[in-house]
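Inspection log for the structure reproduced underneath, given as structure tokens.
Quick note on labels: first sequence line is chain A, next is B, and so on, each numbered from 1.
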Amino acid sequence: MSSRAEAEAAYVADLLEGLNDPQRQAVEHPGGPLLVIAGAGSGKTRVLTHRVAYLVLTGQCSIGEILAVTFTNKAAAELRHRVGDLLGRSTRGLWVQTFHSACARIMRVEAEKLGYTRQFTIYDSDDSKRLVKRCLESLGADTKRYTPNGVRNQISDHKNRLRSPEQAAELAAGPYDRTVVDAYALYQKQLARNNAMDFDDLMFRTVDLFERFSEVRTRYRAAFKHVLVDEYQDTNPAQYRLLQLLCMDDPLHTAGSAHSGSPAQLALDGDDLGPLAGEEPGHRNLMVVGDDAQSIYGFRSADIRNILDFEDDFPDAQVIRLEQNYRSTQHILDAANAVIAQNSDQRPKHLWTDLGAGEAVRVRALQDDFTEARWVVAEVERLAGEGVQFSEMAVLYRTNALSRIIETALTNAEIGYQVIGGLRFFDRAEVKDVIAYLSWLQNPANTVAFARIVNRPRRGIGDTTVGRLIAHAAATGITPLEAIEQPEAAGLKTAAIRAVGVFRDQIAELRETLAQSGENDVSVADLVEQVLRVTGYRADLEASSDPQDEGRLENLDQLHAYADEFDHDVATADEIAATAGQTALDRFLERTALLSDADHQAEQEGGQITLMTLHNAKGAEYDAVFLVGCEDGIFPHSRAIDSGELEEERRLCYVGLTRARRHLALTWARRRALYGPPQAQYPSRFLRELPSDALDEDSADQLTGAVSSASRPRVDMSKIGRMGSGSGKGLESVKRLGDMGLKRGSDLLRPAGTPAMPEDERPVLRVGQRVRHGKFGTGEVTALETDVFVIRFDEFGERRLIAGFAKLTPLD
DNA sequence: TATTGCCTCGTTTTT
DNA sequence: CGAGGCAATA
């Protein structure tokens, strides 16, 4: 053996040191499709990083021939960092990217083939929502019935399933679907006209590109000899297809029928659909790592079938399971195992540890939300007294609305905390405004950015004027930038022309600066500064008396600082190579578009306890975890109960439980004031799935008393009718209901114009009785409460009616 | 055109 | 309770 080979063998032996058997098996996998089922805390990142290092050290491929994809920038950064540590050298050339940034990078190079310029703008969900709204309006759709957000989600789902508008049309069942499809078609047209892609397009267009241009496909297939995927359980059909196109044989024909879709329709020349005769076979080196039990993004079109059916999709696939957990004590794992075992659509799995049984898991029923919060705080203080760091504790909840009361309790106890999630830095209106300025300067076709900033700060350019400018631009095929140069042609009158003129001059000045920046490489920070100054944006905020504007100014300072940092951040050689021909502004916009706040978020400051949703908790771990609000309707969420999505909720529970290393407590409140007055709550069904052996003795009776009432038929508050239009004449009655612990206001329905009915005239009803109502037609009484009827109408579903107002005629 | 007040409605959200 | 939407106002 040559000394070089010996040295290499030594390196590799070193690398494999300390891995358990299945981990090592995964790292040494000879090639071909590999699925690593990595239970929570089983060392999946370890496997990924070691695998990359192994491939490089054994000379199976160079570092630049590996593509590792993740879902978050944070995960990508960590992966890169840890691979660097293992290899002891630079990871330059290694493609560690999020799905979206990898696609964006490819699209920047290939955009022209699909009719975009390289400067295409990436729309975030907010931009995309605005555009959808505009589309709906121009279709004349009622945006109350067709909410922009709802329609956008539907469109997003179509795209994630690789359905073109035409294909979506084939599936459209009712009038709602058809409107969605119309909006989708128009929306895509507008995106193209705006030279913009939304997040979904980054994936969809890349798939499209690979499917239609064999030359491009071949190039990327050859470039990556190994593809690794993190969090595979969260991939959607588009991502699945992309992986297939990159790795597998005969890529145009291997698509599973469930996932296949033909390219979106784009009017383009140079189509290159053809048989694949002569195309190199795929390398098949696809390694995916994930945990089906942690698939919690189904609502974002992630398809758990991807991981469940991996062996069917790739018949020669190897499957390796990692079940040894290095994080939690056995009681915690027992609890998690028991809960997830209730799911039927789940790979059987049994986490175990050699860390010992540990402390019992605790379940606590508290009389109300306030008491619950205080209990958690008291426990936090007790644990702190035992030496657990605040930074090692977390409070988890299903919905953000639950955080407030915990925050209040922590504040009262003077315990520092940080809330993860909420409004991100780059989503703040003022930050987005400035970015929109920059974005529009870079891409004048970006109508969404134009509409956003044209009257910000206020310049007296109202909706009508903006509408005329946009309509004029659309009608004549020019950009909004050109449109403001010809306000007369757009049909504007004197006052509007003057206002637009001011704006036009400001933009001209900014464009001048930008043009110079191309030559002299003026920094992005300077551009930000220019925007703030020239547009009067800063002056406007400074002159304001609104106290919130102070914070906005601070945010803008932060944005400036961020841009400054960006200017001085020496781009890696990689980035420069990938972005040849791009200006600093181009790169800045790309980065901000794809960067979430989590990446920007300061590392855990010492001494602070963390509050976050269960979704945000994935990947995190803490010594002590409190899972609050374990009540049916909250967790599992009522909407999930309705739509039968309990398994995903249960996986969410599994995620929550497995975040804890040593201390785990689950709490629920018998009464909770979520919106308005307190309401009776019932314990989460998941609590009853916890094995008593894993619980402490006090936990045993924490569900009794309430369980019997939970089995009582309950009114599903989410299906309750709404108060009719008209003013609050019913307020008194509504207030009385509030006093009785029922929800008030919008949950109660009073048909417009219906007068209150004297008590003695109200019909006597019984459950099961058929009734007629003036507005809702016929239905059946499902429940009676004091002053309230609950009726399931044949056409409108369940509604709650105020007895004093509802005119109901008994039918039998 | 900007401001106001009233009404509605209420998951989760890696990009 | 509180944010966002919208219609009635100044």
Side-chain angles (χ1 to χ4, degrees), chain A residues 69-76 97-104 122-125 128 133 143-144 147-149 153 156 160 197-203 230-231 233-236 238-239 294 296-302 396-402 404-405 420-424 426-427 455 458-466 495-496 499 590 592-599 612-619 629 633-643 645 648-649 651-652 655 673-678 717-718 720 722-728 731 738 743-747:
Chain A
V69 277
T70 64
F71 278 88
T72 66
N73 292 298
K74 200 173 148 203
Q97 310 254 46
T98 65
F99 270 105
H100 291 87
S101 63
C103 288
I122 298 172
Y123 278 178
D124 67 15
S125 7
S128 134
K133 189 173 176 211
T143 50
K144 281 221 173 105
T147 62
N149 232 339
N153 289 340
S156 175
N160 287 149
M197 296 190 204
D198 62 18
F199 286 143
D200 305 321
D201 273 335
L202 292 174
M203 305 295 315
D230 191 18
E231 307 277 19
Q233 75 281 357
D234 291 332
T235 50
N236 63 34
Q239 288 154 343
Q294 293 184 64
I296 55 175
Y297 283 101
F299 67 96
R300 301 246 318 203
S301 314
L396 309 181
Y397 35 79
R398 173 67 232 265
T399 71
N400 289 116
L402 297 192
R404 176 173 296 182
I405 192 157
I420 307 284
L423 197 59
R424 307 154 184 218
F426 286 104
D427 285 345
N455 196 31
R458 304 236 135 95
R459 302 186 172 91
I461 303 177
D463 287 347
T464 345
T465 307
V466 178
E590 165 122 0
T592 52
L594 294 176
L595 208 63
S596 79
D597 203 37
D599 312 307
M612 61 185 158
T613 63
L614 288 162
H615 282 89
N616 272 314
K618 198 175 70 172
I634 292 179
F635 186 39
H637 195 273
S638 54
R639 290 173 79 143
I641 298 173
D642 289 349
S643 54
E645 284 155 352
E648 182 149 313
E649 294 286 301
R651 292 193 288 270
L652 204 46
V655 166
L674 203 45
Y675 319 110
M717 298 306 270
S718 69
I720 300 311
R722 303 297 169 202
M723 188 121 156
S725 58
S727 57
L731 254 169
K743 279 189 155 189
R744 62 181 160 90
S746 57
D747 296 303

Could you list all N or O pairs between the protein and nucleotides 1-4 of chain B that sit under 3.5 Å apart?
| residue | atom | partner | partner atom | Å |
| --- | --- | --- | --- | --- |
| B:dT1 | OP1 | A:T464 | OG1 | 2.5 |
| B:dT1 | OP2 | A:T465 | OG1 | 3.3 |
| B:dT3 | OP2 | A:R458 | NH1 | 3.1 |

Item to check | Sub-4.5 Å side-chain heavy-atom contact between A:F299 and A:H615 | outcome: yes
Checklist entry - Can you tell me how far P of B:dT11 sits from CZ of A:R404, to the nearest Å? => result 14 Å
Checklist entry - To the nearest Å, how far apart are A:H615 NE2 and B:dT11 C1'? => result 8 Å
Item to check | Of the listed nucleotides B:dT12, C:dC6, B:dT11, the one nearest the side chain of A:T143 | outcome: C:dC6
Checklist outcome for this item: Those residues at least two apart in sequence (or on a different chain) that pass ring-ring contact (aromatic ring centres under 6.0 Å, His included) with A:H637 are none
Checklist entry - With sequence neighbours excluded, what pairs up with A:D198 under the side-chain hydrogen bond (donor to acceptor under 3.5 Å, both in side chains) test? => result A:K159, A:Y187
Next on the checklist: Could you tell me how far apart A:E645 (CD) and B:dT12 (P) are, to the nearest whole angstrom?
Outcome noted: 14 Å
Item to check | Closest to side chain of A:H637, choosing from C:dC6, B:dT12, B:dT11 | outcome: B:dT11
Next on the checklist: Within the 3.5 Å criterion, strictly below it, is a donor on A:S156 or A:N153 matched to an acceptor on the partner's side chain?
Outcome noted: no
Next on the checklist: With a 4.0 Å limit, can you tell me whether A:N400 has a side-chain N or O closer than that to the phosphate oxygens OP1/OP2 of B:dT12?
Outcome noted: yes
Checklist entry - In whole Å, what is the span from the CG atom of A:N149 to the P atom of B:dC9? => result 15 Å
Checklist entry - Taking atom C1' of B:dT13 as reference, at what distance in whole Å does atom CZ of A:R398 sit? => result 10 Å
Checklist entry - Can you check the A:N236 CG to B:dT13 C1' distance for me, whole Å? => result 14 Å
Next on the checklist: According to a cutoff of under 5.5 Å between the ring centres and under 30° between the ring planes, does A:F299 stack with the base of B:dT12?
Outcome noted: yes
Checklist outcome for this item: Residues passing the side-chain hydrogen bond (donor to acceptor under 3.5 Å, both in side chains) test with A:S101, sequence neighbours excluded, are A:Q97, A:T98
Next on the checklist: If the condition is ring-ring contact (aromatic ring centres under 6.0 Å, His included), which residues does A:Y397 pass it with, not counting sequence neighbours?
Outcome noted: none
Checklist entry - For A:L402 and B:dT12, what is the distance between atoms CG and P respectively, to the nearest whole Å? => result 9 Å
Checklist outcome for this item: Here the distance between atom P of B:dT12 and atom OH of A:Y297, to the nearest Å, is 11 Å
Checklist entry - Quick one: is A:N73 getting a side-chain N or O under 4.0 Å of the B:dT15 phosphate, OP1 or OP2? => result yes
Item to check | Closest nucleotide among B:dT12, B:dT11, B:dT15 to the A:T72 side chain | outcome: B:dT15
Next on the checklist: Under the rule for side-chain hydrogen bond (donor to acceptor under 3.5 Å, both in side chains), what residues qualify as partners of A:T70, not counting sequence neighbours?
Outcome noted: none
Checklist entry - Choosing from C:dC6, B:dT11, B:dT15, which nucleotide comes nearest the side chain of A:T399? => result B:dT11
Next on the checklist: Quick check for you: among B:dT11, B:dT15, C:dC6, whose closest atom lies nearest to any side-chain atom of A:L594?
Outcome noted: B:dT15
